[in-house]
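Side-chain atoms are counted along with the backbone in the values below, which use heavy atoms only and exclude waters and symmetry mates. We count ligands from 1, going down the list as the structure has it; atoms in each ligand are counted the same way.
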Amino acid sequence: MTLKLYSMPSSGNSYKVRLLLALMETPYQHIGLEYETEAIAQAHADAVFPLGKMPVLELEDGTRLPESNAILCYLADRSEWLPRDPVTRAQALGWMFWEQNQHEGVIAVRAALLKYASRAHLATPERLAELLDRGHELLALMNSHLEDRKWMAGDRISVADISLYAYTHTAGTYGGFDMSQFPAIDEWLGRIRGLPGYVELDDIPA
Ligand SMILES: N[C@@H](CCC(=O)N[C@@H](CS)C(=O)NCC(=O)O)C(=O)O
């Protein structure tokens with residue numbers, strides 16, 4: 001076993017990495033640590049996570065890589081998953097930066113406010129309504145981008161698709177967003193779900 005992944009089973013950021021590892025058929029050891037548990041508190045106390053969050057990928061030499069999208073790029077390096085053409089690669093990275101600085105902070109945050117007991121006090125009607133409106137704007141942007149193309153960047157699937165898939169595929173069920181407005185996103189989600197080796201969010205390795 002060469003790679004060890006510290007990941008949170010319920011988290012989309014961690015799921016991105018589990019999904020790419022599965023699609024690339026890369027073996028790894030999985031350490032699952034769930035939110036609001038003693039095990040995660042202990043891992044924080046032991047300074048297991050370089051930037052205080054999961055996922056973290058531990059390499060064979062013990063180096064620990066944080067940040068989901070950085071881990072995707074590490075795993076995809078020199079493969080078809082990371083576009084080789086500099087322009088297409090910059091476009092893929094652009095979408096991954098957007099995923100972290102726009103999409104995740106709205107789509108994932110609304111789902112987290114509705115899911116985790118420790119966030120319930122932040123889930124005011126005003127905040128939920130604000131996130132709903134902003135989320136629909138972000139999803140509309142993605143939908144219009146996907147209307148005339150199959151993948152987020154370039155003409156084949158890349159790390160940008162995996163990055164954005166994680167929180168988009170549960171935006172309706174967990175976040176309460178109205179996905180019926182976004183048929184191009186729906187088709188794109190279906191293309192990813194149909195890939196050989198695809199795993200679901202709750203397909204947690206033993
Ligand atoms: N920008 C980071 C965000 C990671 C993040 O926020 N991880 C959360 C779960 S989604 C986490 O580890 N929370 C555990 C904690 O705060 O104790 C990434 O993309 O990896």
Engineer: Tell me if the centroids of the rings in Y167 and H103 come within less than 6.0 Å of each other.
Structural biologist: no
Engineer: Measure from the side-chain N and O atoms of E34 to the backbone N and O of S10, and report whether any donor-acceptor pair falls under 3.5 Å.
Structural biologist: yes
Engineer: If you look only at distance, which donor and acceptor atoms sit under 3.5 Å apart when one is on a side chain in residues 106-113 and the other is two or more places apart or in another chain?
Structural biologist:
{"unit_1": "R110", "atom_1": "NE", "unit_2": "L128", "atom_2": "O", "d": "2.9"}
{"unit_1": "R110", "atom_1": "NH1", "unit_2": "G175", "atom_2": "O", "d": "2.5"}
{"unit_1": "R110", "atom_1": "NH2", "unit_2": "L128", "atom_2": "O", "d": "3.4"}

Engineer: Can you label the angle between the Y15 ring and the Y165 ring as parallel, tilted or perpendicular, going by 30° and 60°?
Structural biologist: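 Judged by the thresholds at 30° and 60°, the geometry between Y15 and Y165 is tilted.
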Engineer: Judged by atom type as modelled, is there a donor-acceptor pair below 3.5 Å linking the side chain of H30 to the main-chain atoms of A206?
Structural biologist: no
Engineer: Extract all N/O-N/O pairs under 3.5 Å that connect ligand 1 to the protein, and present each with both atom names and the distance rounded to 0.1 Å.
Structural biologist:
{"unit_1": "ligand 1", "atom_1": "1 (N)", "unit_2": "E67", "atom_2": "OE1", "d": "2.8"}
{"unit_1": "ligand 1", "atom_1": "1 (N)", "unit_2": "E67", "atom_2": "OE2", "d": "3.2"}
{"unit_1": "ligand 1", "atom_1": "1 (N)", "unit_2": "Q100", "atom_2": "OE1", "d": "2.7"}
{"unit_1": "ligand 1", "atom_1": "7 (N)", "unit_2": "M54", "atom_2": "O", "d": "2.8"}
{"unit_1": "ligand 1", "atom_1": "12 (O)", "unit_2": "M54", "atom_2": "N", "d": "2.7"}
{"unit_1": "ligand 1", "atom_1": "12 (O)", "unit_2": "M54", "atom_2": "O", "d": "3.4"}
{"unit_1": "ligand 1", "atom_1": "16 (O)", "unit_2": "K53", "atom_2": "NZ", "d": "2.8"}
{"unit_1": "ligand 1", "atom_1": "17 (O)", "unit_2": "H44", "atom_2": "NE2", "d": "2.7"}
{"unit_1": "ligand 1", "atom_1": "19 (O)", "unit_2": "S68", "atom_2": "N", "d": "3.4"}
{"unit_1": "ligand 1", "atom_1": "19 (O)", "unit_2": "S68", "atom_2": "OG", "d": "2.6"}
{"unit_1": "ligand 1", "atom_1": "19 (O)", "unit_2": "Q100", "atom_2": "OE1", "d": "3.3"}
{"unit_1": "ligand 1", "atom_1": "19 (O)", "unit_2": "Q100", "atom_2": "NE2", "d": "3.4"}
{"unit_1": "ligand 1", "atom_1": "20 (O)", "unit_2": "S68", "atom_2": "N", "d": "2.8"}

Engineer: Is there a donor-acceptor pair under 3.5 Å between the side chain of H169 and the backbone N or O of A166?
Structural biologist: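 Here the side-chain-to-backbone pair exists.
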